[in-house]
Every structure is written in C-alpha cells, then in structure tokens.
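Before any comments, here is the structure.
Just so we're on the same page: letters track the sequence lines, and every chain starts at 1. As the structure is a prediction and not an experimental result, all values here were calculated from the model.
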2 protein chains.
Amino acid sequence: MNTTPAFRALGDPTRRAILDLLAEEERPVGALVDRFAMSQPALSQHLRVLRDAGLVTPRKDGRRRLYRVQGAPLEGVHDWVGRYERFWSARLDALGAYLDDERSR
Amino acid sequence: MNTTPAFRALGDPTRRAILDLLAEEERPVGALVDRFAMSQPALSQHLRVLRDAGLVTPRKDGRRRLYRVQGAPLEGVHDWVGRYERFWSARLDALGAYLDDERSR
DNA sequence: TTGACATATAAGCGATGCCTTATCTAAAGT
DNA sequence: ACTTTAGATAAGGCATCGCTTATATGTCAA
C-alpha cells in the first residue's frame, strides 16, 4: 500500500479539519463550505485531494453529495508513525539513552 | 501542541525516508547524502525542515553533525490519526454500517 | 597557515499548491 | 421549459516547494 498520497493530503490543515468534521458524521459539500472561510470550489478541490488519496468517498443524494471518511489509508499512516513510538515514550527514551551509553563505552 | 509543521514535514517521502534512516541510528549528513540521489544542499534543506518541525536534532562531532530522531512531535501525529481507528477496523466498520442502517430506518 | 573536508546558506528556477472568479453539469422546484 | 440549487471543473495568479549551482563557515590535518 502506498501511503504517500495520504501523507501528502494530511499535510494541509484545512484537509485535516475537513476529515475531523466528516468523522463526526457524513456531510454534504455545502455543510463544509459553511464551516470554512473559503469558496465552494476551494472546498471541492480539497475534497478531490482527499478522494484521490482514498480518504473520503462521496455518495449521491439527489443533487447533493454526501461525503464520508474512508479510513483505510490512515492505517498505513498510523502504522508508520507507530514505529517511532520509542522516540516519544519516556521509559523507552531512557532505554535509548542507556543503549547510546553502552555503545560509546 | 501544534502538529502542523510535523504533518507538513512528513508530507514529503524523502523526509520520511530520512527519518527511517535516522531511526536506525544517529548519522552524519554525509551518510544521508550517500543514500539519496540528490545533492548535499538538498539534504541539508530537508534536514532544516525536519529540525524546524522538531523531528530531528543535530549534535556536533568535530566537523560533522550527527542527526538523531526527536520523536516528541510524532506523538501528536499518532494521536490525531489514532482517533480514526474505527474507520479502518473491520469490526467497528461493521458497527458503523449498522448505525448507518439504523439511522436510515 | 594553508588546504581539504563537512555542512549550511544564498540565489535562482521550474513544478506544484492553494486560492480566486467564471463556467459547466445535473437535479429539483415551479 | 425555465430557474434555482448543489457541486465539479477550468483558467489564472501568486506563494511555496524541492531541486540545482555557487559560496560561506567552521573544523581538521599537514
């Protein structure tokens, strides 16, 4: 699985905020437009990036498109970041320091 | 904690690869230059982005700078993504489908 | 102290990103 | 049929990105 489009999509704070809103519930584009200080096309473009990254999917409902989160690509992101857990866990940081110390002996 | 610089830094695949190398062990810039098909300044610039995001720190060693991972900002990233776990977990996806079904009844 | 080495910074360039306004398509309401 | 509504796409502007080559800074070695 290629996580690059997902990582790139998450690089923009507006897109993360969109995901946060869609995580609460499925929403039409208009509901998102109401929440951001930018034009409707700008939102549609962000949604396209998210769609292309597989992070959201639209569902037709009359003339509206209801977007929902499609989380699968986030698992790869989560896993990648998770491999760094020892770099922020205090206990394992201590272990890291110990190993560094050992190595320099 | 502001996770935006970290998310943005991780958006580039070269920088993720740099982190992967530094996660194995502390390395000088030259060791990274050897691993990528790009110039030394390009690497130094990627390292600057990672440094500014708090993801790596250099340590002086003679005329070299040894870079190491500084994982703290990744915890915020991991937490943010972790909130989406239900969107990729099969069991909870089934629950989600069930709830959607209930709602539309 | 002179020269080689390791890295950072500067300047510039083409590609990409994020926004805008204008327009197109499709579905509803009248 | 015409108009309105919801959304996507097109085109263009300006900033930022990711690279390059050239140069500056600091350290080691002869």
**Fill in**
Smallest heavy-atom separation, B/Tyr84 atom then A/Leu19 atom, equals OH-C, 3.0 Å
**Asked** Are OP1 or OP2 of D/dT27 and a side-chain N or O of B/Lys60 less than 4.0 angstrom apart?
**Response** yes
**Item:** B/Arg64 side-chain proximity, nearest of D/dG7, C/dA8, C/dA6
**Value:** C/dA6
**Request:** Determine the contact category for A/Phe36: base if any of its heavy atoms lies under 4.0 Å from a base atom, sugar-phosphate if only primed atoms, P, OP1 or OP2 are that close, otherwise nothing.
**Result:** nothing
**Request:** Report the distance from atom CZ of B/Arg65 to atom CZ of B/Arg59, rounding to the nearest 0.5 Å.
**Result:** 12.5 Å
**Asked** Rounded to whole angstroms, how far apart are CG on A/Asp61 and P on C/dA28?
**Response** 9 Å
**Request:** May I ask you to check whether over 12 heavy atoms, not counting those of B/Arg83, lie within 6.0 Å of atom CZ?
**Result:** yes
**Item:** Nucleotide C/dT7, atom C1' - distance to CG of B/Leu47 in whole Å
**Value:** 10 Å
Please produce a list of atom pairs where a protein N or O lies less than 3.5 Å from an N or O of nucleotides 20-23 of chain C.
| unit_1 | atom_1 | unit_2 | atom_2 | d |
| --- | --- | --- | --- | --- |
| C/dT20 | OP2 | A/Ser39 | N | 3.0 |
| C/dT20 | OP2 | A/Ser39 | OG | 2.8 |
| C/dT20 | O4 | A/Gln45 | NE2 | 3.0 |

**Distance, rounded to the nearest Å, where A/Arg51 contributes CZ and D/dG7 contributes P** = 12 Å
**Asked** Mind checking whether A/Trp88 and B/His78 have parallel, tilted or perpendicular rings, split at 30° and 60°?
**Response** tilted
**Request:** Show the numbers, then the answer: is there a side chain to side chain contact (heavy atoms under 4.5 Å, CB included) between A/Leu32 and A/Leu47?
**Result:** CA-CA 10 Å; A/Leu32 297 172; A/Leu47 287 169; 4.0 Å; yes
**Prompt:** Has A/Arg35 got more than 12 heavy atoms of other residues, nucleotides or ligands less than 6.0 Å from its CZ?
**Reply:** no
**Prompt:** Does a nitrogen or oxygen in the side chain of B/Tyr67 sit under 4.0 Å from OP1 or OP2 of C/dA6?
**Reply:** no
**Prompt:** Rounding to a whole Å, what distance do you find between B/Leu43:CG and C/dA8:P?
**Reply:** 10 Å
**Request:** To the nearest Å, give me how far apart CZ (A/Arg48) and P (C/dC18) are.
**Result:** 13 Å
**Message:** Give me the atom names and distance for the closest heavy-atom approach of B/Pro13 to A/Thr4.
**Reply:** CB-OG1, 4.2 Å
**Request:** Check every atom of D/dT4, C/dT9, C/dC5 against the side chain of A/Arg63 and return the nucleotide holding the closest atom.
**Result:** D/dT4
**Asked** Does the side chain to side chain contact (heavy atoms under 4.5 Å, CB included) test come out yes or no for A/Leu50 and A/Ile18, once each step is laid out?
**Response** CA-CA 9 Å; A/Leu50 291 168; A/Ile18 290 172; 3.8 Å; yes
**Message:** So if I take residues 7-20 of chain B and measure heavy-atom distances to DNA chain C, which residues fall below 4.0 Å?
**Reply:** none
**Prompt:** Please give, in whole Å, the distance from D/dG7 C1' to A/Leu32 CG?
**Reply:** 12 Å
**Message:** Rounded to whole Å, how long is the line connecting atom CZ of B/Arg65 with atom C1' of D/dC28?
**Reply:** 14 Å
**Asked** A/Arg64 versus A/Val29: any side-chain heavy-atom pair under 4.5 Å?
**Response** no
